[in-house]
Novice: 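One structure coming up, written as structure tokens, with questions to follow.
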Amino acid sequence: MDAKKRRIFDIIQIGYDEDWQSRAFDLMLIVMILANLFIVIFSTFDSAEAYRGILDAVEWVTVAVFAVEYGLRVWTAEYLYPGMGKGRAVRKYITSFSGVIDMLSFLPNLLPFFFPAGLVAFRMFRVIRIFRLFRINAYYDALNVIGDVIHGKKGQILSSIFIIVVLMTASSLCMYHLEHEAQPEVFQNAFSGFWWAASTLLTVGYGDIYPITIPGRILGIMITFLGVGMVAIPTGILSAGFVEQYTRLKSLKDYTDGEKIQFIRLEVEGDHPWAGQKVSGLSLPPGLLMVVIRRQGRVLIPRGGTFIQAGDQVVLGAEGYRDEAGIDLQEIVLNEQHPWTNRMVKDLGLSGHTLIVMVRRQDKLLVPNGNFVLLEGDLVVMHTRKSYRNMKNVEV
């Protein structure tokens with residue numbers, strides 16, 4: 001049951017390209033979100049009445065999918081927050097931003113069945129499902145830059161907003177005192193001045209409220225000039241943030257020193273000593289890491305309690321050899337006339353400058369010892385300074 005539950009969690013989370021079931025679920029969810037959003041927008045047109053039956057049917061299908069998805073996410077919340085207990089993980093997901101949006105994406109459609117009197121209010125809550133578009137944002141790293149910039153610059157943005165609010169409050173009070181006697185029906189109180197300050201500072205200027213006295217107009221001109229500069233502050237902060245973020249990403253890609261990791265794939269057959277063993281029970285050499293396990297088209301992240309099964313493809317990673325000069329390895333393919341064919345390694349008379357590192361025989365990689373017999377067709381990998389017939393260099 002736990003394995004099935006874990007598999008469902010892997011499917012409903014953002015999947016890898018190799019996990020076609022998870023990627024299919026992601027694609028279906030994106031289609032449902034876009035279809036639901038289209039229905040909400042198209043329903044506001046008069047021409048939508050001719051398609052009301054189809055729209056309602058599609059909407060209920062999408063709502064049902066959202067409800068099932070929400071239930072699965074609640075059921076598997078313990079895997080989303082592995083450091084917490086089951087009950088605490090469920091509460092954390094339900095009260096999180098994504099959990100609330102997931103719930104409100106389907107709940108307003110069901111509430112009218114239980115509370116018919118609140119039909120209009122519940123239909124207004126259905127607009128909240130537009131926030132499910134943030135789910136699409138999670139699938140694309142380029143879109144996540146927006147959230148990273150806002151989060152990184154939140155202190156500066158809040159500071160600029162605070163300055164704008166202070167300026168709006170001061171200008172609204174001043175305008176109220178300057179214009180109240182001249183047009184009391186327009187500037188009735190300080191809030192009227194606040195509305196004028198907001199529309200002026202944000203360069204909207206609806207024209208429904210404006211000063212008519214000379215001092216009021218002078219103040220209005222000053223506030224207008226200040227508004228252009230004040231509104232430009234958050235814009236400049238965000239623009240600079242985008243430049244910094246893309247510059248940082250480019251620097252990480254182009255200018256950091258990367259260390260190569262070598263990967264090998266190991267086929268675990270039925271008679272392999274790892275078959276049926278736990279990952280935690282394997283004695284891997286230091287510096288060797290089990291990266292992933294491919295099992296029946298699925299990609300698994302190995303953990304200590306994961307069992308290796310026959311038929312698995314185990315991908316191992318190891319840090320590349322670190323040497324500024326590198327290593328020159330040479331390959332020799334032994335043919336029938338080669339003097340090494342059908343001879344033991346210890347009888348080859350190799351000098352101290354030559355070392356046979358590995359032998360590839362058919363699909364197997366073998367590490368030879370002194371009694372190892374070389375056969376026709378073997379590919380011999382050597383570390384040597386000499387040159388041999390049928391030899392080619394391999395840079396490592």
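Model, not experiment: these values are computed from the prediction.
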Novice: Between the side chain of K5 and the main-chain N/O of Y79, is any donor-acceptor distance below 3.5 Å?
Specialist: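 A pair under 3.5 Å: no.
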Novice: Got a second to check how far I12's CD1 is from Q21's CD, nearest 0.5 Å?
Specialist: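 Interatomic distance, I12 CD1 to Q21 CD, rounded to 0.5 Å: 13.5 Å.
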Novice: Is the CD atom of Q188 crowded by more than 12 outside heavy atoms at less than 6.0 Å?
Specialist: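 For Q188, atom CD is crowded (more than 12 foreign heavy atoms under 6.0 Å).
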Novice: Please find the pair of heavy atoms, one from D10 and one from S22, that lie closest to each other, and give the distance.
Specialist: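 Reported closest heavy-atom pair: O-OG, 3.2 Å.
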Novice: Do W75 and I8 have side chains that get closer than 4.5 Å, going by heavy atoms?
Specialist: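 They are in contact (side-chain heavy atoms under 4.5 Å apart), so the answer is yes.
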Novice: As a quick check of understanding, evaluate side chain to side chain contact (heavy atoms under 4.5 Å, CB included) for I233 and Q156, giving each step before the final call.
Specialist: CA-CA 9 Å; I233 291 177; Q156 300 176 29; over 6 Å; no
Novice: In the structure I gave you, are the side-chain heavy atoms of L266 and H272 within less than 4.5 Å of one another anywhere?
Specialist: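 Counting from C-beta outward, L266 and H272 do come under 4.5 Å.
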Novice: Give, for atom CG of N369 and atom CD1 of I356, the distance between the pair rounded to the nearest 0.5 Å.
Specialist: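 N369 atom CG to I356 atom CD1 measures 11.0 Å (nearest 0.5 Å).
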Novice: Do L366 and W340 share a hydrophobic cluster (ILVMFWY, side-chain heavy atoms under 4.5 Å, transitive)?
Specialist: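 Same cluster.
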Novice: Find out whether H338 and V333 are in side-chain contact, i.e. whether some heavy atom of one side chain is under 4.5 Å from a heavy atom of the other.
Specialist: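 H338 does not reach V333 side chain to side chain.
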Novice: How far does OG1 of T62 sit from CZ of F106, to the nearest 0.5 angstrom?
Specialist: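 Between atom OG1 of T62 and atom CZ of F106 there are 12.5 Å.
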Novice: Strictly distance-based, threshold 3.5 Å: is any side-chain N or O of R73 a donor or acceptor partner for the main-chain N or O of L80?
Specialist: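 A pair under 3.5 Å: no.
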Novice: Which distance, rounded to the nearest 0.5 Å, do you find between the OG of S172 and the CD1 of I223?
Specialist: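 Going from the OG atom of S172 to the CD1 atom of I223 covers 9.5 Å.
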Novice: Determine whether T341 and E336 satisfy the following criterion, side chain to side chain donor-acceptor pair (under 3.5 Å), listing intermediate values before the conclusion.
Specialist: CA-CA 7 Å; T341 302; E336 185 179 0; over 6 Å; no
Novice: Can you find a pair of side-chain heavy atoms, one from L238 and one from I157, that are under 4.5 Å apart?
Specialist: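 Side chain of L238 against side chain of I157, heavy atoms only: contact under 4.5 Å found.
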Novice: To the nearest 0.5 Å, what is the distance between CE (M168) and CH2 (W196)?
Specialist: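 Here the interatomic distance stands at 10.5 Å.
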Novice: With side chains defined as the heavy atoms from C-beta onward, is the minimum distance between T95 and V100 less than 4.5 Å?
Specialist: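 No, every pair of side-chain atoms sits at 4.5 Å or beyond.
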Novice: With the side chain counted from C-beta on, respond yes when R295 and D312 share a heavy-atom pair under 4.5 Å apart, and no when they do not.
Specialist: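 With C-beta onward as the side chain, the pair touches.
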Novice: For the residue pair L178 and L219, establish whether any side-chain heavy-atom pair is separated by less than 4.5 Å.
Specialist: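 Touching, per the 4.5 Å side-chain cut-off.
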Novice: Do E59 and N36 have side-chain heavy atoms sitting under 4.5 Å apart?
Specialist: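 A side-chain contact exists here, since the closest heavy-atom pair is under 4.5 Å.
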Novice: Do the ring planes of H180 and Y176 sit parallel (below 30°), tilted (30 to 60°) or perpendicular (above 60°)?
Specialist: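 Ring orientation, 0 to 90° scale: tilted.
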Novice: Treating T213 as the side-chain partner and E179 as the backbone partner, does any N or O pair qualify as donor plus acceptor under 3.5 Å?
Specialist: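 Flag not set: sc T213 to bb E179 has no pair under 3.5 Å.
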Novice: Does atom CE of M222 have more than 12 heavy-atom neighbours from other groups under 6.0 Å away?
Specialist: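 Counting other residues, nucleotides and ligands, CE of M222 stays at 12 neighbours or fewer.
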Novice: Shortest non-hydrogen contact from A48 to F42?
Specialist: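 Taking A48 first and F42 second, the nearest heavy atoms are CB-O, 3.2 Å.
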Novice: For R88, does the CZ atom sit with more than 12 other heavy atoms under 6.0 Å from it, leaving out its own atoms?
Specialist: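 Atom CZ in R88 is not crowded, with 12 or fewer foreign heavy atoms closer than 6.0 Å.
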Novice: Quick check: are there more than 12 heavy atoms from other residues, nucleotides or ligands sitting under 6.0 Å from OH of Y51?
Specialist: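 No, the 6.0 Å shell around OH holds no more than 12 heavy atoms from other groups.
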Novice: Can you tell me how far the CG atom of N342 sits from the CG atom of D378, to the nearest 0.5 Å?
Specialist: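 Nearest 0.5 Å value for the CG-CG distance: 9.5 Å.
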